[in-house]
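So the structure is just underneath, and the comments pick up after that.
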Amino acid sequence: MGEFGGVTAFADLGIHRLLVRIPDITELRTFAGEVLGELLEQDNPNNAEYLATLSCYFAENSSPRRTAQRLHVHPNTVSYRIRRIEEITGLSFTVHRDRLMAEVAVEILAGLRSRR
């Protein structure tokens, strides 16, 4: 999983050390689908925007302000999107397990996109 053409030390892979050891990509895709559910459905045009916001939000350590700066939107927009994501997925990012599963699912999706 990840960018092709570059060299990365195995020790530097972080969570991807575990993910690359799962031989069945379908299993990874299934996990991400179970966690993020309806957010992955193509028929809602907001879903791609929600996923991008969620990825950025996690990368910015759950800071609506920093996420808003990176996405060039208002912090209230980020807060609204995160609330909608929680409603759509049934997750609560204040619950450690929910947040962890969502972060891993987002990493899986990013890794699968880069394999194409």
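Because the structure is a prediction, the values reported are computed rather than measured.
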Of the non-hydrogen atoms in Ala105 and Ala32, which two are nearest, and what is the gap between them?
CB-CA, 3.9 Å
What class does the angle between the rings of Tyr57 and Phe93 fall in, given that below 30° is parallel, 30 to 60° is tilted and above 60° is perpendicular?
tilted
Value rounded to 0.5 Å, distance of CG in Leu54 from CG in Leu91
9.0 Å
Heavy-atom check, side chain of Leu40 versus side chain of Leu109, under 4.5 Å
yes
Using the side-chain hydrogen bond (donor to acceptor under 3.5 Å, both in side chains) criterion, which residues pair with Thr53? Sequence neighbours excluded.
Arg81
Contact summary for Cys56 and Leu71, nearest pair of heavy atoms:
SG-CG, 4.1 Å
Should Ile82 and Leu100 be counted in the same cluster of Ile, Leu, Val, Met, Phe, Trp and Tyr side chains packed under 4.5 Å apart?
yes
Is the closest basic N to carboxylate O distance between Arg83 and Glu87 below 4.0 Å?
no
ILVMFWY network linking Met101 to Val95, side-chain heavy atoms under 4.5 angstrom:
no
Using modelled atom types only, decide if a donor and an acceptor are shared between the side chain of Asn44 and the backbone of Leu39 within a distance under 3.5 Å.
no
Please report the shortest heavy-atom distance between Ile85 and Tyr50, naming the atom on each side.
CD1-O, 3.3 Å
Determine, stepwise, if the pair Thr77 / Tyr80 fulfils side chain to side chain contact (heavy atoms under 4.5 Å, CB included).
CA-CA 5 Å; Thr77 300; Tyr80 168 79; 5.7 Å; no
Pairwise side-chain contact, Asn47 with Glu41, heavy-atom cut-off 4.5 Å (strictly under)
yes
Interatomic spacing from OG in Ser92 to CG in Asp98 - rounded to 0.5 Å:
6.0 Å
Could you give the distance from CD (Glu103) to CZ (Arg99), rounded to the nearest 0.5 Å?
4.0 Å
Pairwise side-chain contact, Ser55 with Glu107, heavy-atom cut-off 4.5 Å (strictly under)
no
Check the pair Arg66, Asn61 against side chain to side chain contact (heavy atoms under 4.5 Å, CB included), reporting the backbone distance first and the verdict last.
CA-CA 9 Å; Arg66 288 193 310 269; Asn61 294 313; 3.6 Å; yes
In Å, rounded to the nearest 0.5 Å, how long is the span from CD1 of Ile108 to CD1 of Ile25?
11.0 Å
Residues at least two apart in sequence or cross-chain that pass side-chain contact (heavy atoms from CB on, under 4.5 Å) with Asp24, listed by chain then number, are Thr26, Glu27
